[in-house]
Amino acid sequence: RATDRASEPELVLVFSGKRKSGKDYVTNLIRDRLGSEVCCILRLSGPLKLQYAQEHGLDLDELLGPGPYKEQYRADMIQWGETRRRQDPGFFCRLATRGARQPVWVVSDARRLSDLQWFWSEFPRQTRCVRIQSSEKTRKQRGWSFTAGVDDAESECGLDSGVEFDWVITNEADAPSLEEQLESAVTHRADRHKHTPTN
Ligand SMILES: Nc1ncnc2c1ncn2[C@@H]1O[C@H](COP(=O)(O)OP(=O)(O)O)[C@@H](O)[C@H]1O
Ligand SMILES: C[C@@](O)(CCOP(=O)(O)OP(=O)(O)O)CC(=O)O
């Protein structure tokens with residue numbers, strides 16, 4: 001069963017949102033709630049950073065971490081990734097999903113229409129798109145500040161319009177609790193899996 005690549009996911013939640021909107025926070029919450037047997041987090045930036053680090057002789061752990069190191073390379077990494085995606089729009093999606101065997105996939109960082117299109121075309125029945133929103137004020141409190149070339153580029157704005165999201169989550173202190181908001185996206189799934197033997 002482990003090698004059965006034909007075993008497709010049952011649900012693919014594809015998240016997008018601006019820097020510091022809480023993509024990692026919210027997707028971690030879902031994974032913790034469903035458990036790592038049922039749910040895995042997939043980051044499109046994972047294989048991107050790996051390849052970029054190798055080609056440029058950089059520290060992958062630092063690039064993956066939340067610190068200032070990745071910000072130093074972000075603009076160039078975006079350019080580099082865009083060149084790759086132009087040649088092959090599914091490149092990072094394919095690498096990021098390779099070997100994922102849990103029934104629920106949570107993709108934490110879609111940024112472009114081509115990312116969504118890849119999941120829609122590979123997993124049309126299972127894919128749901130979720131947007132995470134926070135005010136600029138809140139994002140600033142979480143450490144965001146506007147960076148030209150990053151916050152005004154496709155990397156951050158590619159999904160700002162033209163997409164009908166299945167769910168929009170507001171991640172703010174004064175919004176309804178995340179639990180409540182995630183209910184419809186996750187709960188029924190979670191309950192079903194709780195009662196379904198895995199093999
Ligand atoms: N609902 C929340 N409650 C408390 N802290 C949060 C919440 N959402 C986000 N954060 C914090 O804000 C920061 C940015 O969130 P993160 O998930 O890393 O954003 P993104 O992945 O979208 O850039 C992190 O330090 C995270 O822990
Ligand atoms: C080159 C990137 O993949 C870098 C992404 O790095 P992170 O996923 O760590 O970013 P944030 O969560 O927004 O801080 C962006 C892209 O356009 O592909």
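First listed ligand is number 1; within each ligand, the first listed atom is number 1. Counting begins at 1 with the first residue of the sequence.
- Aromatic ring pairs are classed by plane angle as parallel below 30°, tilted from 30° to 60° and perpendicular above 60°; the pair Trp80 and Phe92 is tilted.
- Nearest to atom 18 (O) of ligand 2 among the protein's heavy atoms is Arg85 NH2, 2.8 Å.
- Here Asp109 has no heavy atoms under 4.0 Å from ligand 1, in either its backbone or its side chain.
- Looking at atom 12 (O) of ligand 1, its nearest protein heavy atom turns out to be Arg142 CD, 3.0 Å.
- Side chain of Gln181 to main chain of Pro176: a donor-acceptor pair is present (N/O by atom type, distance under 3.5 Å, no hydrogens or angles).
- Checked against the 6.0 Å centroid threshold, Phe119 and Trp105 do not count as a close aromatic pair.
- At least one donor-acceptor pair closer than 3.5 Å links the side chain of Glu172 to the backbone N or O of Ser135.
- Of the protein's heavy atoms, Asp24 N, 3.1 Å lies nearest to atom 21 (O) of ligand 1.
- Taking the charged nitrogens against the carboxylate oxygens, Glu154 and Arg111 have no contact shorter than 4.0 Å, which rules out a salt bridge.
- Among Met77, Glu71, Arg111, Arg112, the residue whose heavy atom lies closest to atom 13 (O) of ligand 2 is Arg111.
- Relative to atom 9 (O) of ligand 2, the option among Lys20, Glu82, Lys49 with the closest non-hydrogen atom is Lys49.
- Using a 4.0 Å heavy-atom cutoff, Arg139 is absent from the residues neighbouring ligand 1.
- Among all non-hydrogen protein atoms, the one lying nearest atom 8 (N) of ligand 1 is Asn171 ND2, 2.9 Å.
- Electrostatic pairing of Arg19 and Glu71 counts as a salt bridge here, judged by a charged N lying under 4.0 Å from a carboxylate O.
- For atom 24 (C) of ligand 1, the nearest protein heavy atom lies 4.0 Å away or farther.
- Taking distance alone, with nitrogen or oxygen atoms compared against 3.5 Å, Arg19 stays at or beyond that limit from ligand 1.
- Annotation: Arg74 places an N or O atom under 3.5 Å from an N or O atom of ligand 2; distance criterion only.
- Counting the atoms of ligand 2 from 1 in the order shown, those under 4.0 Å from a heavy atom of Lys70 are 7 (P), 9 (O), 10 (O), 11 (P), 14 (O).
- Looking at ligand 2, you won't find any N or O of Arg19 less than 3.5 Å from one of its N or O atoms.
- Listed by atom number, the atoms of ligand 1 under 4.0 Å from Lys18 heavy atoms are 22 (O).
- The residues Asp166 and Arg131 are annotated as not salt-bridged, no charged nitrogen and carboxylate oxygen being separated by less than 4.0 angstrom.
- Among protein heavy atoms, atom 14 (C) of ligand 1 sits closest to Lys20 CD, 3.7 Å.
- The contact set between ligand 2 and Ile78, taken as ligand atoms under 4.0 Å from a residue heavy atom, comprises 1 (C), 15 (C), 17 (O).
- For ligand 1, the polar-atom distance check against Leu178 finds no nitrogen or oxygen pair separated by under 3.5 Å.
- Residue contact check for ligand 2: Gln79 places no non-hydrogen atom closer than 4.0 Å to it.
- Under the 4.0 Å criterion applied to side-chain N and carboxylate O atoms, Arg94 and Glu122 are not assigned as salt-bridge partners.
- Looking only at protein heavy atoms, the nearest one to atom 17 (O) of ligand 2 is Ser155 OG, 2.8 Å.
- A salt bridge does not link Lys18 to Asp151: none of the charged nitrogens lies less than 4.0 Å from a carboxylate oxygen.
- Here the shortest heavy-atom pairing between Ile132 and Ser21 reads CG2-O, 3.5 Å.
- The two atoms that bring Cys39 and Val106 nearest to each other are SG-CG2, 3.6 Å, heavy atoms only.
- What you find for Glu82 and Ser155 is that their closest heavy atoms are OE2-N, 4.2 Å.
- The shortest contact between atom 15 (O) of ligand 1 and any protein heavy atom is with Gly22 CA, 3.8 Å.
- Taking a cut-off of under 4.0 Å to the non-hydrogen atoms of Leu48, the atoms of ligand 2 that pass are 1 (C), 3 (O), 18 (O).
- Judged by distance alone, the side chains of Thr27 and Arg43 never bring a donor and an acceptor atom under 3.5 Å apart.
- A donor-acceptor pair is defined here as one N or O able to donate and one able to accept, closer than 3.5 Å; such a pair exists between the side chain of Asn28 and the backbone of Asp24.
- Under a 4.0 angstrom heavy-atom cut-off, Ser21 registers as being in contact with ligand 1.
- For atom 4 (C) of ligand 1, the candidate residues are Trp144, Phe15, Tyr25; the nearest heavy-atom contact is made by Tyr25.
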